[in-house]
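To start, the structure under review is shown below, and the notes come after it.
What you see is a predicted model; the values in this text were computed from it and never measured.
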Amino acid sequence: MRAELLHNARRMITRVAFALALLLSSAVFAQGVDPLQNVSGTTPHPGASPWVRSGSGAFTFFHGFDAHVTYLSQTGPEEQENDVQSTNWFAAGAKLDLGERAFVLARGRVSLEPYTIDDSYPQFFQYVPEDGLVDRMRPHDLFGEAAVQFGFRPTDGTLLSVYGALVGQPALGAAPAQLRPSGVDFAEAPFGYDLHETTHDSTSVITAGFATRLFTVEASAFHDGATTGDHTDLDIDGDIDSQSARLTITPTPALAIQVSRGELGENLAQRDVTSASLTYGGSFAALTALWTSRDYDNEAFANETAWGLELALRASRNTFLARVEHVDRPAGFPRTIDRSATEEATHYTAGYIFDFIPNARYKMGIGVNIDYRTKTRELEDIYGHKPQGIFAFLRFRT
């Protein structure tokens, strides 16, 4: 009884926050930050601008990209696994000012991973249940975002905005790992991908928001869509079945703190997702601390939690990377999959990149990431002694 009351209370809080955000979005308070600081949906990108900009007059054009060409080797088992693949994304758009107070912004993002990754790539201890993947990671969707945003500034420091996307990110969670200032240089996906990332490519997204320079309040309605197979299609046939609300606090342009909650789906895997994160983007350091909890309505699925800490330290030519993640996996993982219970696992990733072209707009470098997981002795018959994933890569990015 107590658990049911707590669950109902959480759902009520989510719905009240959703309704409040929609109501306030019609007020004269609004987002005062530059919309070109957003990298996915209406999620801010703390620190320096993520885009290369150009244009004159009322038009501003922008673009950005990241591409890793990676040779990966997984050691530990008797038969070593090797592969060559590329993780990547490309984004471009334009902003048209409508007088001094309003604008229209269009942005698109694609990933060629469905063509540069052969179905999936090896990654020990990764888990993507929608694709039935264990020890492997799926490619990102071909279409990551196709969106238009309208904004109006009632005052110089405020902005009302409405965002609509055929595919895009609702107001839920932090920015995707491959777009975050602390995560863009990693060659592989985080181990908490299944919990942190899967809502970022939702379809039929509508987001209304407002903020001052210090905070943003948003509400979204969307379809909990997900691609499978070759990940080149859009799941746009489903009804809008999900909603979310998010509060983001930006005490400085380099820091964003968000808390969000969403109710997703109308099927057997209907679930509530709660997220909290702190993201910092500075000239020499970038940091993200991220926590996500997923609660299922269906008792056949155990509730799951993941948290992670991600760090990038940058000098003129040298970048040092570190990531630690603590995630819930199904009981028996990886031998068996029992989603009615969970087991905890901790993963570590360390990396280094040397940029031989450290241009102010474009960078090219070589680097390596090494994955490691604790408590593998009981899995030695599967993975051998101290299994590791080594990712050596050539990286290009804005």
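No more than 12 heavy-atom neighbours from other residues, nucleotides or ligands sit within 6.0 angstrom of CG on D239. Within 6.0 Å of CD1 on I366 lie no more than 12 heavy atoms contributed by other residues, nucleotides or ligands. Annotation for F356: atom CZ counts as buried by contact number, over 12 foreign heavy atoms lying within 6.0 Å. Other residues, nucleotides and ligands contribute at most 12 non-hydrogen atoms within 6.0 Å of the CD atom of E100. Few gaps surround CD on E378; more than 12 heavy atoms of other groups in view lie less than 6.0 Å from it.
Counting only distance, with no hydrogens or angles, the side chain of T60 and the backbone of G55 share no donor-acceptor pair below 3.5 Å. For the pair E197 (side chain) and A177 (backbone), a donor-acceptor distance under 3.5 Å is present. Panel note: side chain H140, backbone V110; no donor-acceptor pair is recorded below 3.5 Å. Counting only distance, with no hydrogens or angles, the side chain of D66 and the backbone of R397 share no donor-acceptor pair below 3.5 Å. No side-chain donor-acceptor contact under 3.5 Å links Q126 to the backbone of R138. E113 contributes a side-chain N or O that, together with a main-chain N or O of N88, makes up a donor-acceptor pair within less than 3.5 Å. The backbone N or O of G265 lies less than 3.5 Å from a partner atom in the side chain of S242, making a donor-acceptor pair. Put simply, the side chain of S204 never gets that close to the backbone of F222: no donor and acceptor are under 3.5 Å apart. The closest donor-acceptor contact from the side chain of Q37 to the backbone of H45 lies under 3.5 Å. The backbone N or O of G41 lies less than 3.5 Å from a partner atom in the side chain of E145, making a donor-acceptor pair.
Taking the six-membered ring for Trp, F186 and F391 have ring centres at least 6.0 Å apart.
The structure places CD1 of I353 at 10.5 Å from CZ of F320, a figure rounded to the nearest 0.5 Å. A distance of 10.0 Å separates CZ of R153 from OG of S161, quoted to the nearest 0.5 Å. Distance check: Q74 CD to Y121 OH gives 10.0 Å after rounding to the nearest 0.5 Å. Atoms CZ and CZ, from F191 and R323 in turn, are 8.5 Å apart once rounded to the nearest 0.5 Å. With rounding to the nearest 0.5 angstrom, the CZ atom of F393 is 8.5 Å from the OG1 atom of T87. One distance of note links OH of Y296 with CG of D272; it measures 11.0 Å at 0.5 Å rounding.
Listed here is the closest heavy atom pair of L313 and A285: CD2-CB, 3.8 Å. The two residues A189 and Q123 come nearest to each other via the heavy atoms O-NE2, 2.9 Å. Of all the heavy atoms in N38 and R107, the pair that sits closest is O-NH1, 3.4 Å. Q178 approaches V184 most closely through the heavy-atom pair O-CG2, 3.5 Å. Between A312 and L321, the shortest heavy-atom contact is CB-CD2, 3.7 Å. Listed here is the closest heavy atom pair of T319 and D355: OG1-OD2, 4.3 Å.
Considering D295, D224, D297 as possible partners of R271, the one that fulfils the salt bridge (Lys or Arg N to Asp or Glu O under 4.0 Å) test is D224. Partner L255 forms a side-chain contact (heavy atoms from CB on, under 4.5 Å) with one of T250, L278, L287 and no other, that one being L278.
Note: the hydrophobic cluster containing V128 does not contain V134 (ILVMFWY, side chain heavy atoms under 4.5 Å, direct or indirect links). Both F61 and L96 belong to a single network of hydrophobic side chains, linked directly or stepwise wherever heavy atoms of I, L, V, M, F, W or Y lie under 4.5 Å apart. Residues F124 and L72 fall into different hydrophobic clusters, defined by Ile, Leu, Val, Met, Phe, Trp and Tyr side chains chained together at heavy-atom separations under 4.5 Å. Note on I117: it does not cluster hydrophobically with L112, by side-chain heavy-atom contacts below 4.5 Å among ILVMFWY residues. Criterion: ILVMFWY side-chain heavy atoms under 4.5 Å apart, direct or through other members. Under it, I337 and V327 are not part of a common hydrophobic cluster.
A heavy-atom distance below 4.5 Å is found between the side chains of R339 and P129. In this structure the side chain of E344 never reaches within 4.5 angstrom of the side chain of T342, judged on heavy atoms. In this structure the side chain of D118 never reaches within 4.5 angstrom of the side chain of Q85, judged on heavy atoms. A heavy-atom distance below 4.5 Å is not found between the side chains of F396 and Y362. Residues Q169 and L179 form no side-chain contact, since every pair of their non-hydrogen atoms from C-beta on lies 4.5 Å or further apart. No side-chain heavy atom of S220 sits under 4.5 Å from any side-chain heavy atom of L172. Within the 4.5 Å cutoff, no side-chain heavy atoms of T216 are placed close to those of P44. Side-chain atoms of P190 and H196, non-hydrogen and from C-beta on, never get closer than 4.5 Å to each other.
Below 30°, between 30° and 60°, or above 60°: for F333 and Y127 the angle between ring planes is above 60°, a perpendicular geometry. Note: W89 and W51 have perpendicular aromatic rings, judged against thresholds of 30 and 60 degrees for the angle between ring planes.
Under the 4.0 Å criterion applied to side-chain N and carboxylate O atoms, R136 and D131 are not assigned as salt-bridge partners. With salt bridges taken as basic N to acidic carboxylate O contacts below 4.0 Å, none links R180 and D185. In summary, D338 and R335 do not engage in a salt bridge, as defined by a charged side-chain N under 4.0 Å from a carboxylate O.
Residues Q388 and T75 have side chains that never bring a donor and an acceptor to within less than 3.5 angstrom of each other. A donor-acceptor contact closer than 3.5 angstrom links the side chains of T43 and R246. Under 3.5 Å, the side chains of R373 and Y383 contain no donor-acceptor pair of N or O atoms. Residues E218 and T42 bring a donor and an acceptor atom of their side chains to less than 3.5 Å of each other. Looking at R261 and T274, their side chains do bring a donor and an acceptor atom within 3.5 Å of each other.
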Can you list the steps and then say if Y163 with V205 is a side chain to side chain contact (heavy atoms under 4.5 Å, CB included)?
CA-CA 8 Å; Y163 169 92; V205 181; 4.0 Å; yes
